[in-house]
Amino acid sequence: MRPMRPTDTARRGRSAGRTPRVFAAAALAAVLTLTATACGPEEDGATGEPSSSTGQSSDGKVTIPDDLKDRLKEHGINLDEWRDGEWKNWDKDTWLREAKDYVNPIIEDLWDPDRMREADKPPENPVDNDISGDEGVTDPTPAPVEAAGLRTPYHDSAPASGKLLFDGPEGSMVCSATVVQDPAHPGRSNMVWTAGHCVHAGKNGGWYRNIAFVPSYNDTGMSTAELQNASKEQIAPYGVWWGQWAQTSDQWISQGAATGGQGAPYDFAVLQVAPEKGSTGKSLEETVGSALPVEFNAPAVPEIDSMTATGYPAAPPYDGQKALQCTDRPGRLAVFEAQPTMYRIGCTMTGGSSGGGWVAEGQDGKPALVSNTSIGPVTAGWLAGPRLGTEAKGVYEAVSKKYAGR
């Protein structure tokens, strides 16, 4: 399965007139806040230096200092290219690549009901129908397990699960994601777990843009026809949460590829998110009422009776509008001899389910996130996800620490 592939939205220019509210640029000492009024200086969490401020002209338009525009251009971001709700002239050769370069402006109402519904292209991450010639430990290919729809409302069945929306050079794309606990903020987490290829394109690309998480997307399981007239509150009952910060593994950034499973054992990412409309005083965890612990020392495959993968598959025969699950006893998959063995289960979910959490019984006997969907065959039938070890724990703890004092 490709890191499963993002979809070009058919509707262009829906977002004309929308105003960027927050421009978080960790690569710079400046953090912009674009609002309807002039803003004062803020501090950058990484440097402690004051940010530049924006102003409002007499006609109500937000203005940005030319020197700041120039500094952003040095990092591949040209604010003049943001028009009509999308990035124009996205140069595939100037992706923002490094961890410090993550940039994700909050664009209020960019993800309106139409744009959310029409984003149905999963990012690519396919492999052949089976992995042959592996030198590591690979168990026989599992029998396909037919994906089953979640009981509605989805929030009752899997309250921590949701849909991830983002833009790439080819259009709007989709993945799945899960709310996870934050050790720095017990009971008040704003952390989300997904696949690395859902936030960063790997060795030949960089960070995606307009990354946003929608918990319990289409909570009542409306049909595609019913969604045509659904309100944003019906489609996103717990709001839209934008990625303030994303982090994935160094291995995914340097090795990840659109096909063949390269970097797949390190295909995980963690986001810190913020509500699109501004803080209500409640965290994401408090808003949805759930956050899963992450197990970085899960039992060995022979000791796991079952794993459940949840996601919003968008590649045919699915359309990305409904949440599905597969439960199976896992096997082992070694894509490359020198890389860690992955978990593998039978499942007919397709692209779009990438990044969705895999839940199993943790060391304490309680449900925990133990993996996420990474790869699968082009024709579906099984899914594989990374075993979460030292590298994954490092990413998780780094994101938690970055926002520990906020």
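Within a 6.0 Å radius of CG in Asp250, other residues, nucleotides and ligands contribute 12 heavy atoms or fewer. Other residues, nucleotides and ligands place more than 12 heavy atoms under 6.0 Å from the CZ atom of Arg329.
With salt bridges taken as basic N to acidic carboxylate O contacts below 4.0 Å, none links Glu397 and Lys402. A salt bridge is defined here as a Lys NZ or Arg NE, NH1 or NH2 lying under 4.0 Å from an Asp or Glu carboxylate O, and Arg115 with Asp167 meets this definition.
Without hydrogens or angle criteria, Arg97 side chain to Lys203 main chain gives a donor-acceptor distance under 3.5 Å. Between the Glu98 side chain and the Lys100 main chain, no donor and acceptor come within less than 3.5 Å of each other. With hydrogens and angles disregarded, a donor-acceptor distance shorter than 3.5 Å links the side chain of Asp364 to the backbone of Lys366. A donor-acceptor pair is defined here as one N or O able to donate and one able to accept, closer than 3.5 Å; no such pair exists between the side chain of Ser176 and the backbone of Lys163. No donor-acceptor pair closer than 3.5 Å links the side chain of Tyr208 to the backbone N or O of Pro169. Under the 3.5 Å distance criterion, the side-chain polar atoms of Thr138 are matched with a main-chain donor or acceptor of Ala334. With hydrogens and angles ignored, the 3.5 Å screen pairs no side-chain donor or acceptor of Asn210 with any backbone N or O of Phe166. Using a distance-only test at 3.5 Å, with no hydrogens or angles considered, no donor-acceptor pair links the side chain of Asn190 to the main chain of Ala274. Judged by distance alone, with hydrogens and angles left aside, the side-chain atoms of Gln251 form no donor-acceptor pair with the main-chain N or O of Gly263 at under 3.5 Å. Remark: the backbone N or O of Gly196 is paired with a side-chain donor or acceptor of Asp267 at under 3.5 angstrom.
Each ring-ring contact (aromatic ring centres under 6.0 Å, His included) pair with one or both residues in residues 279-304, not counting sequence neighbours, appears once here: Phe296-Tyr396. Listed by first and then second residue, the ring-ring contact (aromatic ring centres under 6.0 Å, His included) pairs involving residues 298-320 are Tyr217-Tyr312 (not counting sequence neighbours).
Considering every non-hydrogen atom in both Tyr343 and Val370, the closest pair reads CE1-O, 3.9 Å. Of all heavy-atom pairs between Ser290 and Val179, the closest is O-CG1, 3.6 Å. The two residues Arg344 and Asp139 come nearest to each other via the heavy atoms NH2-O, 2.9 Å. Across all non-hydrogen atoms, the minimal contact from Arg387 to Ala300 is NH2-CA, 3.9 Å. Across all non-hydrogen atoms, the minimal contact from Thr194 to Ala177 is CB-CB, 3.9 Å. Considering all non-hydrogen atoms of both residues, Pro367 and Pro293 come closest at O-CG, 3.5 Å.
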Practice task
Given side chain to side chain donor-acceptor pair (under 3.5 Å), test Asp319 with Thr224 step by step and report yes or no.
Solution key: CA-CA 8 Å; Asp319 63 5; Thr224 302; 2.6 Å; yes
Exercise for the section: Evaluate side chain to side chain contact (heavy atoms under 4.5 Å, CB included) for Leu388 paired with Phe268, printing each intermediate quantity in order. Expected result: CA-CA 9 Å; Leu388 306 181; Phe268 43 76; 4.1 Å; yes
Practice task
Show the numbers, then the answer: is there a salt bridge (Lys or Arg N to Asp or Glu O under 4.0 Å) between Glu276 and Lys232?
Solution key: CA-CA 13 Å; Glu276 178 180 84; Lys232 187 170 183 177; 2.8 Å; yes
Handout entry: Intermediate values then yes/no, side chain to side chain donor-acceptor pair (under 3.5 Å), Thr308 and Trp358
Key = CA-CA 5 Å; Thr308 298; Trp358 291 26; over 6 Å; no
Practice task
Show your reasoning for whether side chain to side chain contact (heavy atoms under 4.5 Å, CB included) applies to Glu285 and Val180.
Solution key: CA-CA 8 Å; Glu285 180 177 0; Val180 293; over 6 Å; no
Exercise for the section: Apply side chain to side chain contact (heavy atoms under 4.5 Å, CB included) to Thr141 and Trp382, showing your working. Expected result: CA-CA 8 Å; Thr141 303; Trp382 57 262; 3.7 Å; yes
Problem - Asn218 and Lys322: CA distance, side-chain angles, deciding distance, side chain to side chain contact (heavy atoms under 4.5 Å, CB included) verdict - result: CA-CA 7 Å; Asn218 188 20; Lys322 295 185 178 182; 4.2 Å; yes
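Distance check, rounded to the nearest 0.5 Å: CD of Glu233 to CG of Asp219 gives 13.5 Å. Atoms CG and CD1, from Asp114 and Ile235 in turn, are 7.5 Å apart once rounded to the nearest 0.5 Å. Note that CD of Gln247 and CD1 of Ile253 are 8.0 Å apart. Values are rounded to the nearest 0.5 Å. The distance from the CG atom of Leu227 to the CE atom of Met222 is 4.5 Å, given to the nearest 0.5 Å. In this structure, CD on Gln321 lies 10.0 Å from CE on Met116, to the nearest 0.5 angstrom. Here the NZ-CD1 distance, from Lys277 to Ile106, works out to 11.0 Å after rounding to the nearest 0.5 Å.
In this structure, Leu383 and Ile375 have side chains that are not in contact, with every pair of non-hydrogen atoms separated by 4.5 Å or more. Side-chain contact check for His155 versus Pro237: every heavy-atom pair is 4.5 Å or farther apart. Within the 4.5 Å cutoff, no side-chain heavy atoms of Thr348 are placed close to those of Val145. Inter-residue side-chain proximity for Trp193 and Leu369 is flagged as met; some heavy-atom pair is nearer than 4.5 Å. Side-chain contact between Ser354 and His197: present, with at least one pair of heavy atoms (C-beta onward) separated by less than 4.5 Å. At a threshold of 4.5 Å between non-hydrogen side-chain atoms, the residues Tyr403 and Asp182 do not count as touching. For the pair Ser400/Met191, a side-chain contact is recorded, criterion being any heavy-atom separation below 4.5 Å from C-beta on. Contact check for Arg117 versus Gln228: side-chain heavy atoms found under the 4.5 Å cut-off.
A donor-acceptor contact closer than 3.5 angstrom is absent between the side chains of Gln234 and Glu226. Side-chain N/O atoms of Gln244 and Trp242 include no donor and acceptor closer than 3.5 Å. Thr310 and Gln325 form a side-chain donor-acceptor contact under 3.5 Å, judged by distance and modelled atom types alone.
Test Pro386, Ser254, Pro340, Ser374 against Tyr266 for side chain to side chain contact (heavy atoms under 4.5 Å, CB included) and you get one pass: Pro340.
For Phe213 and Trp241, the distance between ring centers is not under 6.0 angstrom.
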